[in-house]
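By convention in this document, chain letters (A, B, ...) are assigned in the order of the sequence lines, proteins followed by strands, and residues within each chain are numbered from 1.
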There are 2 protein chains.
Amino acid sequence: MAASIEDVAKLAGVSIATVSRSLRGLPDVAAATRDKVLAAARELDYVASPFAARLASGRSSTIGVVVPFVHRWFFAEVLGAVESVLSQSGFDLLLHNLGSSEGREQFFSILPVRKRVDAVVVVSLALTEDEVEALKSLELPIGVLGAAHPGFFSVRIDDVAAAQTAVEHLVGLGHRRIALIGGDTDDPMRFTPPHHRLTGFRDALISHGITPDESLERLGYFTVEGGEAAMVQLLGLPERPTAVFAESDEMAYGAMRAIRRAGLRVPADIAVIGFDDHQTAGLLDLTTIRQPVAEQGAKLAAMLLASLTNPDSAQPSDVVMETELVVRGSTVASASEYADTTAATS
Amino acid sequence: MAASIEDVAKLAGVSIATVSRSLRGLPDVAAATRDKVLAAARELDYVASPFAARLASGRSSTIGVVVPFVHRWFFAEVLGAVESVLSQSGFDLLLHNLGSSEGREQFFSILPVRKRVDAVVVVSLALTEDEVEALKSLELPIGVLGAAHPGFFSVRIDDVAAAQTAVEHLVGLGHRRIALIGGDTDDPMRFTPPHHRLTGFRDALISHGITPDESLERLGYFTVEGGEAAMVQLLGLPERPTAVFAESDEMAYGAMRAIRRAGLRVPADIAVIGFDDHQTAGLLDLTTIRQPVAEQGAKLAAMLLASLTNPDSAQPSDVVMETELVVRGSTVASASEYADTTAATS
DNA sequence: CTGTTAGCGCCTTCAT
DNA sequence: ATGAAGGCGCTAACAG
């Protein structure tokens with residue numbers, strides 16, 4: 001049987017209260033006493049029972065993290081960053097992978113994090129009002145990655161502006177007939193980026209005197225395969241686009257593949273720009289909008305931890321991180337030298 | 001303040017013991033009583049405090065999952081499958097992402113799962129003796145994915161045989177000068193596959209009268225970039241290989257890219273076979289060894305749950321799942337038709 | 001079938 | 001600076 005706080009107290013010759021104080025580094029413990037306790041604890045290989053501690057204190061030192069799909073690059077990257085921050089602070093991470101709209105419904109109706117976490121991180125979900133209410137009913141600090149909600153902490157990028165930047169890069173290269181390969185804004189899983197990137201795409205066109213043409217907006221479902229299929233459709237148009245903005249690098253990969261399979265050249269015949277700066281974007285020479293992925297997760301986790309540590313500063317804040325246009329060979333032929341250099345040194 | 005079991009008991013007009021029994025679906029409760037309790041619980045929006053339950057029962061309904069890197073495809077896929085099985089059984093999943101050899105050391109010395117999980121799943125780590133001892137000291141059911149250990153549950157594939165199959169496919173096509181792009185068997189993170197796949201590779205060559213040539217064995221570090229760099233080295237050899245076996249599809253992608261950049265053709269000049277059947281392998285027309293990734297994770301989780309539910313059947317078992325050679329255009333030119341079909345329908 | 005009563009192992013006032 | 005003692009909310013015998 002594992003040692004309990006009482007065993008440590010006996011061995012150290014003090015009360016269990018003193019053991020508790022010493023082990024948690026509370027003040028008002030004599031240095032000599034603390035040392036005795038630490039020695040006894042080490043000797044017995046003691047670790048406090050988290051459940052007893054949580055029951056008594058009401059705090060769980062656990063954060064729930066909700067992702068739509070762990071196995072997709074973006075979410076996995078965020079998750080890794082969050083885990084790293086939490087484990088360094090001695091917090092546990094309870095993972096909830098929604099997986100589907102049924103999983104999502106189930107999560108928000110059951111709220112399996114109830115009574116077991118101190119805060120919740122929600123990644124990239126466009127929350128419905130009901131979902132927001134459900135989260136609020138937890139009466140816990142909530143962190144959202146990818147969208148701002150009053151009362152919640154948030155970290156995100158400016159998707160509208162980033163999409164505009166992408167389109168403006170293409171316009172600046174002389175393109176006027178620009179297609180979009182995006183996520184489904186009606187998707188039952190409701191991700192946030194598609195809405196904003198679509199808005200930015202259309203806004204940028206309009207501000208350059210180009211009328212958005214819905215036949216040039218196709219769904220790529222955030223997968224390589226989807227991007228390829230969408231591009232095939234675009235290539236079948238009477239008047240095909242000269243440039244494509246894909247809302248993710250993975251869809252851009254599919255688009256490039258479709259273009260080349262059709263015997264056309266990137267960027268000579270059709271320029272392609274992606275979004276994310278996925279790890280293989282340099283390798284595939286893809287121009288893209290870089291966003292700090294792990295950094296967003298780490299920042300959000302840190303904000304939540306800070307609010308738990310110091311409930312005074314619990315002012316929910318909204319952090320908007322910078323994105324950056326990374327020009328490579330898929331939009332500017334001569335840029336490929338840069339890309340080669342990047343790929344070789346990475 | 002959230003409702004407690006006492007509130008429910010009062011409202012239902014029964015004792016807290018009866019509430020507990022009713023809510024947990026234990027036998028020996030009159031149907032009418034149970035209904036009253038359930039109604040009261042619903043009315044008060046009651047959920048039991050897991051910590052109190054865990055303290056009292058000694059069970060946590062939580063499983064710890066340890067992965068080397070969440071953000072890598074294979075591990076993320078496994079994690080998603082494990083999460084799905086656990087959440088369906090009402091179990092919590094505590095995630096531990098090692099991230100580096102320091103993170104690994106820290107995990108096994110601190111054992112942050114102590115006193116908080118009912119079982120542990122370890123993914124793809126070649127465990128040292130000390131690590132095995134550390135896990136055993138938990139006195140919990142341990143599940144290992146990717147390697148067998150006496151006393152632990154395990155699910156895996158036969159990496160040696162699978163690698164042999166890959167090489168035999170190449171030999172069958174007439175290749176004799178076959179290179180390997182693999183993981184580092186001296187990597188501080190010590191993954192299991194590299195050792196076994198290297199063994200299978202060499203064994204297959206030998207059994208066909210081909211002497212393994214170490215200059216044809218290169219490190220690709222399980223990344224696209226690493227695979228490309230390894231292939232560049234192989235292409236620089238006085239006598240270059242006519243075929244390459246990469247221990248992962250991602251390394252194979254890099255190899256194919258290096259080959260094409262060098263102005264050579266796949267498979268005409270150099271055939272390439274990968275490992276995993278990664279989701280984009282069909283798209284990139286890569287011959288590979290398919291292994292059931294999510295299935296391995298789901299199976300292992302289910303085994304552990306079964307052993308917790310029915311401690312009698314707690315016989316640690318070792319399940320070896322099937323792998324399958326998937327022939328596509330990177331080894332057999334005429335196979336590309338199949339690949340196109342696959343890609344179009346997937 | 002249902003109620004009573006000890007704990008589970010720790011945190012946290014409140015004294016001293 | 002330290003100790004004593006009362007919960008935290010539930011489970012699990014044990015009665016009845």
Side-chain angles (χ1 to χ4, degrees), chain A residues 1-41 44-62 90 92 114-118 308-309 311, chain B residues 1-41 44-62 90 92 114-118 308-309 311:
Chain A
M1 207 46 208
S4 79
I5 195 171
E6 209 161 341
D7 301 324
V8 179
K10 251 174 236 162
L11 182 58
V14 298
S15 72
I16 63 167
T18 299
V19 173
S20 179
R21 293 190 188 101
S22 302
L23 259 26
R24 286 183 297 148
L26 296 187
D28 297 334
V29 177
T33 308
R34 183 189 308 281
D35 290 346
K36 260 193 312 189
V37 172
L38 293 180
L44 296 174
D45 200 27
Y46 171 76
V47 274
S49 157
F51 304 137
R54 289 165 190 188
L55 219 211
S57 72
R59 283 171 265 106
S60 71
S61 292
T62 301
D92 284 342
R114 285 212 286 170
K115 295 193 181 173
R116 64 192 76 195
V117 302
D118 291 340
L308 292 174
T309 308
Chain B
M1 207 46 209
S4 78
I5 196 171
E6 209 161 338
D7 301 325
V8 179
K10 249 174 237 162
L11 181 59
V14 299
S15 73
I16 63 167
T18 299
V19 173
S20 179
R21 291 189 190 102
S22 302
L23 260 26
R24 287 184 295 150
L26 296 187
D28 296 335
V29 177
T33 310
R34 184 190 308 281
D35 290 345
K36 261 193 310 187
V37 172
L38 292 180
L44 297 173
D45 199 26
Y46 170 76
V47 275
S49 158
F51 304 136
R54 290 165 190 188
L55 220 210
S57 72
R59 283 171 266 106
S60 71
S61 292
T62 301
D92 285 341
R114 285 211 287 168
K115 295 193 181 174
R116 64 191 74 194
V117 301
D118 292 341
L308 291 174
T309 308

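To the nearest 0.5 Å, atom CG of residue A:Asp118 and atom CG of residue A:Asp92 are 10.0 Å apart. Between the CZ atom of B:Arg59 and the CG atom of B:Leu308 there is a distance of 10.0 Å, given to the nearest 0.5 Å. Taking NZ of B:Lys10 as the start and CD1 of B:Ile16 as the end, the distance is 11.0 Å to the nearest 0.5 Å.
Taking each heavy atom of B:Leu38 and B:Leu23 in turn, the nearest pair found is CD2-CD1, 3.5 Å. Of all non-hydrogen atoms in A:Phe51 and B:Lys115, the two that sit nearest each other are CE1-O, 3.5 Å. The two residues A:Ala9 and A:Val19 have their closest heavy-atom pair at CA-CG2, 3.5 Å.
Residues from residues 5-13 of chain B that place a heavy atom under 4.0 Å from any atom of DNA chain D, listed by number: B:Ile5. For DNA chain C, the neighbouring residues in residues 19-35 of chain A, judged by any heavy atom under 4.0 Å, are A:Ser20, A:Arg21, A:Arg24.
Here A:Asp7 pairs with nothing under the side chain to side chain donor-acceptor pair (under 3.5 Å) rule; sequence neighbours left out. With sequence neighbours excluded, the residues that form a side-chain contact (heavy atoms from CB on, under 4.5 Å) with A:Ala48 are A:Tyr46.
Between B:Thr18 and C:dG3 there is a side-chain N or O to OP1 or OP2 distance below 4.0 Å. One finds no side-chain N or O of A:Tyr46 lying less than 4.0 angstrom from the OP1 or OP2 phosphate oxygen of C:dG9. Between A:Ser49 and C:dC10 there is no side-chain N or O to OP1 or OP2 distance below 4.0 Å. Side-chain nitrogen and oxygen atoms of A:Arg59 include at least one within less than 4.0 Å of the OP1 or OP2 phosphate oxygen of C:dT12.
Going from atom CZ of A:Arg116 over to atom P of D:dG9 covers 15 Å, rounded to whole Å.
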Look for any protein N or O under 3.5 Å of an N or O in nucleotides 6-8 of chain C and output each such pair with its distance, or none.
from, atom 1, to, atom 2, distance (Å)
C:dC8, O2, B:Ala56, N, 3.3

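The closest side-chain heavy-atom distance from A:Ser60 to A:Arg116 is not below 4.5 Å. Residues A:Arg114 and B:Asp45 meet the side-chain proximity criterion, which asks for heavy atoms closer than 4.5 Å.
Within 4.0 Å (heavy atoms only), B:Ala48 reaches sugar-phosphate atoms of the nucleic acid but no base atom.
Within the structure, side chain to side chain donor-acceptor pair (under 3.5 Å) pairs that include any residue of residues 16-25 of chain B comprise B:Ser15-B:Thr18, B:Ser20-B:Arg24 (at least two apart or interchain).
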